[in-house]
Amino acid sequence: MSSLNLETTSETPPKAPDTLQELPITTTAKKFPKKLTLVPLIFLIYFEVAGGPYGEEPAVQAAGPLYALLGFLIFPFIWSIPEALITAELSTAYPGNGGFVIWAERAFGPFCGSLMGSWKFLSGVINIAAFPVLCIDYMEKVIPALESGWPRKVAVLISTLLLSFLNYTGLTIVGYAAVLLGLVSLSPFIVMSLIAIPKIHPHRWISFGQKGVKKDWTLFFNTLFWNLNFWDNVSTLAGEVDSPRKTFPMALLVAVIFTCVSYLIPLFAVTGAISVDQSLWESGFHATAAEMIAGKWLKYWIEVGAVLSAIGLYEAQLSSSAYQLLGMADLGFVPNFFAIRSKRFNTPWVGILLSTLITIGVSYMTFTDIISSANFLYSLGMLLEFASFIWLRKKLPGLKRPYRIPMRLPGLIVMCLVPSAFLVLIMAIATKTVYLVSGLMTVGAIGFYFFMNFCKTKQWFKFSSGEVIED
């Protein structure tokens, strides 16, 4: 990144106004070596979004096999691919920790940057809380004592603390662990899908579900959204990636394909091979299906895979949340102490600690309430992100974009309108509890922005100037 640290001399010709705001690099990117390469980044993105087909089962419970299959076939085109393309363009144009916070700030100013940071951080840490819960949901199939009561609560707490400590040991370890976890956690689904082939009856794929069972579209769309979003979370690690302008587009392309295939193949296999009561398709049903298809040995294998997948999901998304806070500190949105790194592991331990505490606080909500609340806050952030993307294309047409979506502004607007309509739908079907939680958090986010400005005027904490190094 030495080419990005050139100082402008008096002999340098003046630049056009829109090229003066390109390639911001936070202080993190200058001081510390970058260690994330292509393959670990692919698997980190994979675990930011999916981590395997664990958690896709409620789509069948909510709307039947046909709608579930169509959802996982169509939704990537109207949501995952546009979000991944936008992430690739803006992450390569602004390759610094902070990601979408930088994008919103550059488009609409510091208030929107802070609001974006609050929405995405809160949705991220709420989402993180789902993974220990999902892990316990699978483990309770083998250990019934974990179904409820204090054993379940203790299991959630201990797993959360242990996973956070692993994250503290370093992003490089997390990156390569994600590769191993991804391969091992997917292996039982490959075996299950192969064994299921002779048992598949294709007519089961076109079933609309059991007669008399009402469609639960809120659960259906929230399940799709939760399983196929958060592509932009990896942008908060841009300052840690080696050659981000080349690495990001390739990593996102491979991760999109990898993720979609990992969802669809097991779903086609299980829905085609077995016919059970639709109500049984709850989180963790793939393990039960594995026993029906091949025996208890495969059920236990999938249970182990679920634990490993939950570890990967937790580590990837905790890293994004912690490094987002670090980037926001470098940009002056939060006090400098959020950028403090561990001397031994070079990780942002303050961000990890805060994220963990919030995660523990919400981890005792139901799985459905967790993903619904995370989806609502994330939807608000994504609407602002789409607007920031369009406005930056209009406001800074000459901005250096190492990767550029090959479309003109009208086409980009259409590309963003389709997923935006889906975001509005997700928000419209939310429950009263989700509205209340999200509303209070949004009010808190607005208050947080003004409180941070008040702290700056009173000089209660030290803040970065928010200056960036330009190319």
Side-chain angles (χ1 to χ4, degrees), residues 48 55 58 62 79 100-101 104 111-112 114-137 148 152-153 156-157 160 164 216-230 232-233 236 282-283 310 313-314 317-318 320-322 324-325 328 333-334 351 353-385 420 422-452:
E48 294 278 8
W79 175 257
F100 35 71
V101 179
F111 174 76
C112 287
S114 177
L115 192 59
M116 171 74 87
S118 296
W119 278 337
K120 289 297 188 76
F121 175 74
L122 290 170
S123 68
V125 292
I126 291 174
N127 192 56
I128 291 169
F131 305 127
V133 174
L134 183 61
C135 178
I136 301 302
D137 283 344
S148 61
R152 181 180 181 87
K153 293 179 180 179
V156 170
L157 177 62
T160 300
S164 292
D216 187 345
W217 295 114
T218 299
L219 177 61
F220 176 75
F221 286 116
N222 272 311
T223 301
L224 285 180
F225 193 53
W226 184 75
N227 279 280
L228 286 166
N229 66 6
F230 292 98
D232 60 337
N233 272 15
T236 63
E282 57 185 3
S283 294
L313 288 159
Y314 189 97
Q317 298 207 12
L318 180 58
S320 288
S321 296
Q324 179 192 330
L325 287 178
M328 291 178 71
F333 286 108
V334 294
L353 177 60
L354 178 61
S355 300
T356 301
L357 292 175
I358 298 175
T359 296
I360 291 172
V362 300
S363 62
Y364 299 106
M365 297 167 60
T366 66
F367 183 77
T368 301
D369 283 342
I370 288 173
I371 64 173
S372 297
S373 298
N375 286 348
F376 194 97
L377 290 171
Y378 187 78
S379 297
L380 292 172
M382 281 309 304
L383 289 172
L384 179 55
E385 184 174 310
S420 294
F422 187 82
L423 291 172
V424 173
L425 174 62
I426 288 292
M427 296 166 66
I429 62 178
T431 64
K432 293 180 180 179
T433 300
V434 173
Y435 279 124
L436 177 61
V437 172
S438 302
L440 289 174
M441 288 187 173
T442 298
V443 172
I446 295 172
F448 177 77
Y449 170 75
F450 290 105
F451 178 67
M452 286 295 101

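Side-chain atoms are counted along with the backbone in the values below, which use heavy atoms only and exclude waters and symmetry mates.
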Would you check if [X] and [Y] make a side-chain contact, meaning some heavy-atom pair closer than 4.5 Å?
| X | Y | value |
| --- | --- | --- |
| N227 | T223 | yes |
| F448 | V334 | yes |
| F225 | S379 | yes |
| E48 | S320 | yes |
| L440 | V443 | no |
| I358 | I126 | no |

Can you tell me how far apart [atom1] ([X]) and [atom2] ([Y]) are? Round to the nearest 0.5 Å.
| X | Y | atom1 | atom2 | value |
| --- | --- | --- | --- | --- |
| C112 | W119 | SG | CH2 | 8.0 Å |
| L318 | S355 | CG | OG | 5.5 Å |
| N229 | L423 | CG | CG | 9.0 Å |
| M427 | M382 | CE | CE | 12.5 Å |
| Q317 | S123 | CD | OG | 9.0 Å |
| L115 | T442 | CG | OG1 | 7.0 Å |

Exercise. Applying side chain to side chain donor-acceptor pair (under 3.5 Å), name anything that partners S164, two or more places apart in sequence or on another chain.
Key: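 S164 satisfies side chain to side chain donor-acceptor pair (under 3.5 Å) with Y314, T356 once adjacent residues are dropped.
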Quiz item: Taking all atoms of both residues into account, what is the closest heavy-atom pair of L325 and G351, and its distance?
Solution: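 Closest approach of L325 to G351, heavy atoms only: CD1-CA, 3.7 Å.
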Quiz item: So which heavy atom on L377 is nearest to which on M441, and how close?
Solution: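 Smallest heavy-atom distance, with atoms named: CD1-SD, 3.5 Å.
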Quiz item: Please walk me through it: do V434 and T431 pass side chain to side chain contact (heavy atoms under 4.5 Å, CB included)?
Solution: CA-CA 5 Å; V434 173; T431 64; 3.3 Å; yes
Practice problem: Look at the side chain of Q324 and the backbone N and O of G117, then say whether any donor-acceptor pair between them is shorter than 3.5 Å. | Solution: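 Present.
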Quiz item: Any donor and acceptor pair, going by atom type alone, linking the side chain of Y435 with main-chain N or O of A428 inside 3.5 Å?
Solution: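 Such a contact is found between Y435 side chain and A428 backbone.
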Quiz item: Where does the angle between the aromatic ring planes of F230 and Y378 fall among parallel (under 30°), tilted (30 to 60°) and perpendicular (over 60°)?
Solution: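 F230 vs Y378 ring planes: tilted.
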Practice problem: Measure up the W79 and F422 rings against each other and bin them: parallel (under 30°), tilted (30 to 60°), perpendicular (over 60°). | Solution: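 If you compare the ring of W79 with that of F422, the planes turn out tilted.
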Practice problem: Please identify each residue that fulfils ring-ring contact (aromatic ring centres under 6.0 Å, His included) with F121, with sequence neighbours left out. | Solution: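 Here no residue qualifies.
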Quiz prompt | Qualifying residue, where the test is side-chain hydrogen bond (donor to acceptor under 3.5 Å, both in side chains) with K120 and the options are D232, T236, N233 | solution =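 Single pass found, and it is D232.
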